Amino acid sequence: MSADQLHDLGARSDLSAREWRGRIRRALPRALPAAGPELMICLDIDGTLLGHDQAVSAAVREALAAHRAAGTRLVLASGRGPRGIRAAAELLGHTQCWAVCSNGALTARLTGERGEGETGFTVLTEHLYDASAALEKLRQAVPDAFFATETGEGGMKANRPWPFEEFADAINVVPFEELSADPVSRVVMVARGMEVSEFSRRIQAIGLETVSYAIGWESWLDLTPPGINKATGCDTLREQLGISRHATVAIGDGMNDLEILDWAEFSVAMGQASPVVRGAADFVTAPVGEDGAALVLQALLER
């Protein structure tokens, strides 16, 4: 099957689950290990494992549990900070695993159920940077936006209350000037109500050469330290776990997944992803609403 045919599959809604799994199995590299301790699967969360309404299917939960039982090295890789990933892990029923947080700026080990005074995660590595100059440029570009900064241990500080019902966590509201008083691992900027095209135009116009950034599914911007992305975070964990570079799988749907899709031995884009993201992957699975990630996880179990 040609690359174009593989990419077209993401738009198909007439395939049965069995047909999907068969096509995925045939697309897998022969050298890729079977499910187990030698295999590392890096999974985006929002739009991949969870719908944007935070819904999680039984198929996703069951596939994750089966890989966990097999010993597969599962990594949750997200733009979310560690607390946000921890909240998602609870929804997924998958609270003991590795995590690449803040688009690669931080790696962590999720440690099971949270107790009183415990975060439920242990920070393994964290890249911090001075975000003051970038924040000031961003405020000039979109003065009324929501701004927040985050570190693994310190949590999130913001200039106003969180603008969404989902992804909410404890946030300390502070004056804008205090957001970058100390080095941070992530900056979040949200301009609700602004068209993504206009938001992107304003961000590109100011030039952010000293940081890495990704614009998300709406007018949402994540900034991380220079040269840091999900792929660098996943590769850090891969080396720590002693996994071969050729034993890696990545599944994602966003522009912040491009590097990880290029990095993995076998990369999968979700069916609802943009043409740019679908074109960067080795295979396009069904959309998140049709359990596209679960189909890939199941196919890997069936090898």
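Keep in mind the model is a prediction, meaning the values are calculated, not measured.
- A donor-acceptor distance shorter than 3.5 angstrom exists from the side chain of Thr285 to the backbone of Gly292, with no hydrogens or angles considered.
- Considering only heavy atoms from C-beta on, Leu221 stays 4.5 Å or farther from Val190 through its side chain.
- Cys101 approaches Gly81 most closely through the heavy-atom pair CB-C, 4.0 Å.
- Side chain of Asn159 to main chain of Phe146: no donor-acceptor pair is present (N/O by atom type, distance under 3.5 Å, no hydrogens or angles).
- Looking at residues two or more places apart in sequence or on another chain, you find a side-chain contact (heavy atoms from CB on, under 4.5 Å) between Arg18 and Ser16, Arg21.
- Annotation: side-chain contact (heavy atoms from CB on, under 4.5 Å) contacts of Pro183 (sequence neighbours excluded): Leu128.
- Not one N or O on the side chain of Glu126 forms a donor-acceptor pair closer than 3.5 Å with the backbone of Ala105.
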Practice prompt. Take Phe199 and Met189 through the side-chain contact (heavy atoms from CB on, under 4.5 Å) test and state the conclusion after the steps.
Written response: CA-CA 11 Å; Phe199 183 74; Met189 174 186 178; 3.8 Å; yes

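- The line from CE of Met40 to CG of Leu32 is 12.5 Å long, rounded to the nearest 0.5 Å.
- Between the side chain of Arg202 and the main chain of Ala141, a donor-acceptor pair closer than 3.5 Å is present.
- When side chains are defined from C-beta on, Val187 does not count as touching Asp222, because their heavy atoms never get closer than 4.5 Å.
- Rounded to the nearest 0.5 angstrom, Leu135 CG and Glu177 CD are separated by 10.5 Å.
- Under the 3.5 Å distance criterion, the side-chain polar atoms of Lys157 are matched with a main-chain donor or acceptor of Glu178.
- When the side-chain contact (heavy atoms from CB on, under 4.5 Å) test is applied to Ala35, the partners found at least two apart in sequence or on another chain are His67, Ala70, Thr72, Leu301.
- To the nearest 0.5 Å, the span separating NE2 on His127 from OG on Ser185 amounts to 10.0 Å.
- Using a 3.5 Å distance cut-off with no hydrogens or angles, the side chains of Gln298 and Asp291 do not pair a donor with an acceptor.
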Practice prompt. Would you sort out whether Leu43 and Leu297 count as a side-chain contact (heavy atoms from CB on, under 4.5 Å), showing the intermediate values?
Written response: CA-CA 10 Å; Leu43 299 151; Leu297 293 171; 4.3 Å; yes

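- When all heavy atoms of Ile45 and Ala88 are compared, the pair lying nearest together is CG2-CB, 3.8 Å.
- When the side-chain contact (heavy atoms from CB on, under 4.5 Å) test is applied to Val288, the partners found at least two apart in sequence or on another chain are Met270, Gln272.
- Every residue was checked against the side chain to side chain donor-acceptor pair (under 3.5 Å) condition with Thr248, not counting sequence neighbours, and none meets it.
- To the nearest 0.5 Å, the span separating CG on Asp46 from CD1 on Ile85 amounts to 9.5 Å.
- Under the salt bridge (charged side-chain N to carboxylate O under 4.0 Å, His left out) criterion, Arg201 pairs with Glu198, not counting sequence neighbours.
- Applying the side-chain hydrogen bond (donor to acceptor under 3.5 Å, both in side chains) test to residues at least two apart or on different chains, the pairs with a partner in residues 144-155 are Glu150-Arg186.
- In this structure, Arg139 satisfies the cation-pi test against Phe176, with its NZ or CZ atom closer than 6.0 Å to the six-membered ring centre and inside 45 degrees of the ring normal.
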Worksheet item: How far apart are the C-alpha atoms of Ile228 and Tyr129, what are their side-chain angles, what is the distance that settles it, and do they pass the side-chain contact (heavy atoms from CB on, under 4.5 Å) test?
Response: CA-CA 11 Å; Ile228 298 299; Tyr129 71 110; over 6 Å; no

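- Summarising the geometry of Glu38 relative to Ala247, their closest heavy-atom pair is O-CB, 3.2 Å, with the distance given to 0.1 Å.
- No side-chain donor-acceptor contact under 3.5 Å links Arg245 to the backbone of Ala264.
- In this structure, Thr122 has no side chain to side chain donor-acceptor pair (under 3.5 Å) partners at least two apart in sequence or on a different chain.
- Shown here are the salt bridge (charged side-chain N to carboxylate O under 4.0 Å, His left out) partners of Arg25, two or more places apart in sequence or in another chain: Glu302.
- The distance from the CD1 atom of Ile41 to the CG atom of Leu76 is 11.5 Å, given to the nearest 0.5 Å.
- Annotation: Glu195, atom CD; neighbour count of heavy atoms from other residues, nucleotides and ligands within 6.0 Å does not exceed 12.
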Item to complete: Under the side-chain hydrogen bond (donor to acceptor under 3.5 Å, both in side chains) rule, what do Asn103 and Thr224 come out as? Steps first, then yes or no, please.
Response: CA-CA 7 Å; Asn103 286 320; Thr224 51; 5.7 Å; no

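- With sequence neighbours left out, the salt bridge (charged side-chain N to carboxylate O under 4.0 Å, His left out) criterion links Asp253 to no other residue.
- The list of salt bridge (Lys or Arg N to Asp or Glu O under 4.0 Å) pairs with a residue in residues 59-76, not counting sequence neighbours, is empty.
- Residues Arg80 and Ser78 come closest through the heavy atom pair N-OG, 2.9 Å.
- Atom OG of Ser132 sits about 9.0 Å away from atom CD of Glu136, to the nearest 0.5 Å.
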Discussion item. As a quick check of understanding, evaluate side-chain contact (heavy atoms from CB on, under 4.5 Å) for His246 and Glu265, giving each step before the final call.
Written reply: CA-CA 5 Å; His246 302 294; Glu265 180 70 12; 3.0 Å; yes

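- Between the Thr107 side chain and the Thr125 main chain, a donor and an acceptor come within less than 3.5 Å of each other.
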Discussion item. Evaluate Thr95 against Glu90 for side-chain hydrogen bond (donor to acceptor under 3.5 Å, both in side chains), listing each step before the verdict.
Written reply: CA-CA 6 Å; Thr95 57; Glu90 291 174 352; over 6 Å; no

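- Under the 4.5 Å side-chain heavy-atom criterion for grouping Ile, Leu, Val, Met, Phe, Trp and Tyr, Leu179 is connected to Ile206 within one hydrophobic cluster.
- The shortest non-hydrogen separation linking Ala281 to Val268 is CB-C, 4.0 Å.
- Gly252 approaches Asp44 most closely through the heavy-atom pair CA-CB, 3.8 Å.
- You'll find the side chain of Trp220 stays beyond 4.5 Å of the side chain of Val196, heavy atoms only.
- Put simply, the side chain of Arg83 reaches to within 4.5 Å of the side chain of Phe121, judged on heavy atoms.
- Put simply, the side chain of Gln96 does not reach to within 4.5 Å of the side chain of Thr111, judged on heavy atoms.
- At distances below 3.5 Å, not a single donor-acceptor pair connects side-chain atoms of Ser267 with backbone N or O atoms of Asp262.
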Please tabulate, for side-chain N and O atoms in residues 232-239, each donor-acceptor pair with protein atoms closer than 3.5 Å (sequence neighbours left out).
| from | atom 1 | to | atom 2 | distance (Å) |
| --- | --- | --- | --- | --- |
| Thr232 | OG1 | Asn229 | N | 3.1 |
| Thr232 | OG1 | Asn229 | O | 2.7 |
| Asp235 | OD1 | Arg238 | NE | 2.7 |
| Asp235 | OD1 | Arg238 | NH2 | 3.2 |
| Asp235 | OD1 | Trp263 | NE1 | 2.9 |
| Thr236 | OG1 | Thr232 | O | 3.0 |
| Arg238 | NH1 | Ile243 | O | 2.8 |

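- Note: Phe283 and Phe266 have tilted aromatic rings, judged against thresholds of 30 and 60 degrees for the angle between ring planes.
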